[in-house]
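Notes for the one structure printed next.
Values below: all heavy atoms of this structure, side chains included; hydrogens, waters and symmetry mates excluded. The first residue of the sequence shown is numbered 1, and numbering continues consecutively from there.
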Amino acid sequence: MIQDITPGTEEWLNNNKVSGYVGFDPTAASLGIGNLVPVMLLLHFQRHGHHPIALIGGATGRIGDPSGKSAERNMLSEETLDRNLACMREQLGRFLDFDATENPARIVNNYDWFKEYSFLGFLRDVGKYLTVSYMLSKDSVKNRMETGDGISFTEFSYQLIQGYDFLHLHQKENCHLQFGGSDQFGNITAGMEMIRKILGHQEEVYAFTCPLITKADGAKFGKSEKGNIFLDAELTSTYEFYQFWIQNTDVDSIKLAKIFSLKPIDEIQAMIDAVPTSPNALQRALAEEMTTRIHGVEGLQSAMRATNLLHGKGGLDDLNALSAKEVAQIFDGVKQGTIERSALVEGINLIDFLTQVGATTSKGEARRKVTKDTCVAINTSKTIDDGRTITAADLINDQFVLVNLGKKDRFIVYVID
């Protein structure tokens, strides 16, 4: 979990009870998988007796961090930022102990110390301590300059603002250490430079960065990146969250288990050692641990019900427990048809039903699948009766009927008014 640490960091940690922080900008309504690596650093930091600080970027979120970005961010409204801030506070509480007796975690919002700071005052007090050439040397700026798209003064100033956060927390909270993803190293060291120029070079401040976890295409899991996995069930369902961990390769799962699992190290290593002989066991263990931590036991049960249904192992109770959103996600890509509600009032013969909705191409094919191949199931219940009638009572959540035409051949029929 270590990418880069500045000289003296390890010795300082070993010899002192330290306050350290990670900053999170509220650019989305939820933390995502990519945010969790530095959160795990704070978690372990607290477990070993140190003092973690989670900084919510109420101010920096209004600016936009250019680190790792190829284009300018979209500016969010004040209302959206405030809503995102509240959501992130709640999510951080699932990892950090804010009620600990000796070293409780703390949450701070940098908008609290920036909201009254005038533009001219900031330029006078802070801006003069970092040269333009120093700021241009940072990868986050150089990369944007070299792409041809350039960078606005707004985002160019970001490292000044983040640097001032470090200065403020160092002075007010006795904070000596800043954690972050590897893309934050330039911003963190800019803060160290600012502290030493303003307060004196004897100041003990340090940087600690962790590797970024990346998707299969090499892109990072950022809150504003497409395809991210969020902690909020409204943005990423419990089923999708569970499936993220299940569907990783063995190589990726080994890496993720070492970062995210809180099982004892010998248990983690035993699961890793068993990978060649126990296919998907590590993925399932990590999926269960992470889904429970984020969504609780009920969330895990919901995700596993959905997974069982997708693989033909679930029953009617599992089907009835699904929300409309979960149905849409689980059966995304499954062939679909519709039927008018009026047709179900008096009922429709099964063979006619299968043909009318498009599950089969003809009544002959429908009858063969029901009576000869015996592969048809309505809402997970197999039927061999070609005289069966489909009625409104067969609707799941008054919305759909699930038809199985074979082990992996599913068809979903939605009712329309």
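For H176 and Y206, the ring centers are positioned 6.0 Å apart or more. Aromatic ring centres of F241 and F230 lie farther apart than the 6.0 Å criterion allows.
Under a 3.5 Å cut-off, the side chain of E240 and the backbone N or O of S237 do form a donor-acceptor pair. Panel note: side chain D373, backbone C375; no donor-acceptor pair is recorded below 3.5 Å. A donor-acceptor pair under 3.5 Å is formed between the side chain of T6 and the backbone N or O of A207. Not one N or O on the side chain of K382 forms a donor-acceptor pair closer than 3.5 Å with the backbone of V376. At distances below 3.5 Å, at least one donor-acceptor pair connects side-chain atoms of S137 with backbone N or O atoms of Y134. Remark: the backbone N or O of V18 is paired with a side-chain donor or acceptor of H50 at under 3.5 angstrom. Under a 3.5 Å cut-off, the side chain of N349 and the backbone N or O of I351 do form a donor-acceptor pair. Here the side chain of N248 pairs a donor or acceptor atom with the backbone of F244 at under 3.5 angstrom.
Judged by distance alone, the side chains of D165 and N110 do bring a donor and an acceptor atom under 3.5 Å apart. Donor-acceptor pairing under 3.5 Å is recorded for the side chains of N187 and Q162.
One finds a salt bridge joining K335 and D409 here, because a Lys/Arg side-chain nitrogen approaches an Asp/Glu carboxylate oxygen to under 4.0 Å. Between R341 and D398, at least one side-chain nitrogen of the basic residue sits less than 4.0 Å from a carboxylate oxygen of the acidic one, meeting the salt-bridge criterion. Look at R293 and E289 and you find a salt bridge, because one of the NZ, NE, NH1 or NH2 atoms lies within 4.0 Å of a carboxylate O, short of that distance.
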